[in-house]
Every structure is written in C-alpha cells, then in structure tokens.
Number of protein chains: 2
Amino acid sequence: MAARNYSRKREAILSKIRGTDTHPTAEWLYRALKPQYPDLSLGTVYRNLALFRAEGEIVGVGTVHGQERFDGDTSPHAHFICTDCGAVIDVKADTADDRLYAAVRARTGASVTSHALTFYGSCKACLEAVTGS
Amino acid sequence: MAARNYSRKREAILSKIRGTDTHPTAEWLYRALKPQYPDLSLGTVYRNLALFRAEGEIVGVGTVHGQERFDGDTSPHAHFICTDCGAVIDVKADTADDRLYAAVRARTGASVTSHALTFYGSCKACLEAVTGS
DNA sequence: ATGACTGCAAAGACTTTGCATCTTT
DNA sequence: AAAGATGCAAAGTCTTTGCAGTCAT
C-alpha cells in the first residue's frame with residue numbers, strides 16, 4: 001500500500017497548487033517553488049502530481065498548448081479555457097447532475113465516476129488586446 | 001490564404017475519420033490507411049489533422065493516455081472516456097445550452113465559442129473484464 | 001535499518017518541422 | 001511554371017524513469 005512518508009517538498013507542491021487559481025502546469029509549479037527549494041527537481045514535481053492525482057487530491061483539467069493543467073480545487077465546477085493565451089478560469093456553474101450521470105450510465109453501460117465541462121473561446125484580456133480598448 | 005489543392009491522401013484521411021466512431025488517434029489513422037497508401041507518412045496525417053481542425057472539419061476530443069483523439073462528427077454531443085482502456089464513446093446528450101453560454105460570458109467577460117462535456121469512468125467491456133461475467 | 005523520496009540525467013512518447021521531391025492547378 | 005502536398009528523418013516538447021544518494025520512520 002505504499003505508506004507515504006512526510007516530505008517537505010511534497011507539502012509545498014500541494015500547498016502551492018491549492019494556493020493558486022491559475023491551474024498551473026508542472027513547470028509553473030517547479031519555477032514557483034525553485035527559489036525556496038533550490039534543489040527541487042522537475043521530476044519530483046511530476047512524481048508528486050501523479051501521486052496527488054491518483055489519490056484524488058488534485059484533478060487534471062486537460063492539456064492546454066501541450067501541457068497538462070492541474071486544479072487543487074476538486075469540488076465540482078466547470079472551466080473556461082482561452083484558446084489564445086491558454087488561461088484556465090473557474091466557472092462556478094455546472095449542470096451535470098445525477099440524472100445526467102444516470103443517463104450516461106444507462107446509454108453506455110459504463111460506471112461513471114466523474115465529468116468535466118469545459119468552455120472554449122477568448123478571454124477578456126485577449127479580447128481587449130485585439131481591440132486595443 | 002493558402003489555397004488548398006486536391007490531395008488523394010487528404011480525402012482518405014478525412015473520410016476515414018468520418019467513417020469511424022472510435023475517435024481515433026493520428027497513429028490509428030496512419031495504420032488504417034497504410035495498407036491502401038503504402039507511402040503514406042505519419043507526418044502527413046498530423047499535418048492534415050491540424051489543417052482539418054483549424055478549418056473546423058474535425059474536432060479534438062482531448063488527450064487520452066497521452067494521445068490526442070479526434071472526432072469527425074462536429075455536431076454538439078458529449079463523450080464518455082474509459083479511463084481503463086481509453087475508449088471514447090459518443091453520448092448523445094448535452095446540456096450546455098445558450099443560457100449557459102451566456103452565463104459563462106457574463107461571469108468571465110470572454111467570448112465563448114465552444115464547449116465540451118466529458119464523462120469519465122469504466123466502460124462496459126472493462127467492467128465485465130473485471131467481474132469475468 | 002528499512003522503506004520512501006529525491007536529484008540528475010537519460011530515456012520515452014507524441015508531435016512538429018525542414019528540405020528535397022512529386023502533384024495539382 | 002508556380003503553389004501546394006508529401007516522405008523522410010531530425011528536432012522539439014513534455015513527461016516518465018533508472019539509479020544512487022538522502023531523508024523519514
């Protein structure tokens with residue numbers, strides 16, 4: 001069962017993810033923690049992210065511009081992803097209720113454990129950058 | 001404006017995508033077409049997929065087990081993804097209506113152009129493989 | 001001590017791209 | 001001929017992993 005030992009860096013990584021709403025990449029976390037943990041390695045960040053995800057402590061939001069984005073907020077909510085700048089923004093609205101789960105289950109014969117609702121488009125900042133307003 | 005020339009292989013790739021509901025990967029398409037087009041290269045598949053996607057002729061469904069999955073059916077519908085075997089199954093149910101789009105727009109100030117609703121879990125086949133039924 | 005965690009660097013996997021060649025128009 | 005499309009192989013990115021050393025229990 002792979003008993004988990006305490007790890008200062010692991011705590012820092014989890015804390016960092018939970019302390020931001022930018023839905024960071026592994027690289028972002030690495031850079032953010034590097035100043036405080038000069039000997040931190042990217043491999044450790046990846047390893048811990050995989051661990052957190054396996055344990056349900058964080059969630060993957062999907063791949064944006066080739067990099068996986070993570071979310072420390074595991075409560076059900078949707079996301080908006082800017083296809084221009086790659087920003088991932090929380091959207092506190094979600095309509096996938098129990099009835100929908102049941103419907104998917106009925107139609108596919110599968111066991112449904114989670115879902116993701118994601119919107120795409122251009123974020124406010126990118127829109128304004130174009131119009132110059 | 002990059003006028004497009006006719007290409008036998010391009011047609012075959014698009015046709016292949018549209019002729020399956022497996023939401024294939026680039027590799028899958030490559031293998032599927034290789035017998036009939038022995039000199040087809042993987043690069044060509046990727047190039048055309050990128051082109052189709054840019055033109056809205058196909059849609060990316062997301063990355064599953066590290067590989068992007070494509071869908072030739074661009075009509076609005078949801079997907080179920082089996083986290084065990086990676087199967088991607090169409091779900092003809094979707095609740096993201098205009099009101100939701102408007103809500104996201106209002107909350108984020110962004111322009112919303114599309115969305116994706118994806119369910120995760122274990123597909124029927126994988127469930128049965130476990131129980132041995 | 002024993003098992004877990006990490007740094008480092010190499011390896012892996014998927015996708016993109018440069019260039020010469022062949023096709024389409 | 002001019003512009004576009006492709007094959008091939010190299011390069012690029014992101015992520016995973018083997019190994020030896022370090023830390024937690």
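In what follows, every chain begins at residue 1, and chains take the letters A, B, ... in the order their sequences are listed.
For S7(A) and dT6(C), the shortest distance from a side-chain N or O to OP1 or OP2 is below 4.0 Å. Side-chain N/O atoms of N5(A) include none lying less than 4.0 angstrom from OP1 or OP2 on dT2(C). Between dG7(C) and K9(A), a contact under 4.0 Å exists linking OP1 or OP2 to a side-chain N or O. Between T44(B) and the phosphate of dA5(D), there is no side-chain N or O to OP1/OP2 separation shorter than 4.0 Å.
Within the 4.0 angstrom heavy-atom criterion, base atoms lie near R47(A). As judged by a 4.0 angstrom heavy-atom cut-off over every strand, E27(B) is placed among residues making no nucleic acid contact.
The distance between atom OH of Y30(A) and atom C1' of dC8(C), rounded to the nearest whole Å, is 10 Å. Between the CG atom of L40(B) and the P atom of dA5(D) there is a distance of 15 Å, rounded to whole Å. Put simply, OH on Y6(A) is 14 Å from C1' on dT6(C), counting in whole angstrom units. dT16(D) atom C1' lies 13 Å from atom CZ of R53(A), rounded to whole Å. Summarising the geometry, the separation between CD on Q67(A) and P on dC14(D) is reported as 5 Å, rounded to the nearest angstrom. The interatomic distance linking N48(A) (CG) with dC23(D) (P) rounds to 16 Å, in whole Å. Computed from coordinates, the L49(B) CG to dA5(D) C1' distance equals 15 Å when rounded to whole Å. The interatomic distance linking D39(B) (CG) with dT21(C) (P) rounds to 16 Å, in whole Å.
Heavy-atom nearest nucleotides on DNA chain C were determined for P38(A) and for R8(B), and the one closer to the 5' end corresponds to P38(A).
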- Run the numbers on V112(A) and F80(B) for side chain to side chain contact (heavy atoms under 4.5 Å, CB included), then give the verdict. CA-CA 8 Å; V112(A) 185; F80(B) 169 81; 4.1 Å; yes
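Not a single donor-acceptor pair under 3.5 Å links the side chain of R53(B) to the backbone N or O of V59(B). Side-chain atoms of Y37(A) never come within 3.5 Å of backbone atoms of Y30(A) as a donor-acceptor pair (strictly under, hydrogens ignored). In this structure, R10(B) contributes its side chain and N5(B) its backbone to a donor-acceptor pair below 3.5 Å.
Proximity note for Y46(B) (side chain, C-beta onward) versus dT6(D), dC14(D), dT16(C): the nearest is dT16(C). Comparing dC5(C), dC8(D), dA5(D) by their closest approach to the side chain of R10(B) singles out dA5(D).
Comparing the helix axis at one end of the helix from dA1(C)-dT25(D) to dT25(C)-dA1(D) with that at the other, each defined from 5 consecutive pairs, gives an inter-axis angle of 30° (nearest 10°).
Under 3.5 Å, the side chains of H115(B) and Y101(B) contain a donor-acceptor pair of N or O atoms.
Residue W28(A) comes nearest to K16(A) through the heavy atom pair CZ3-CG, 4.2 Å, listed as atom of the first residue, atom of the second, then distance.
Taking the charged nitrogens against the carboxylate oxygens, D39(A) and K9(A) do have a contact shorter than 4.0 Å, which makes a salt bridge.
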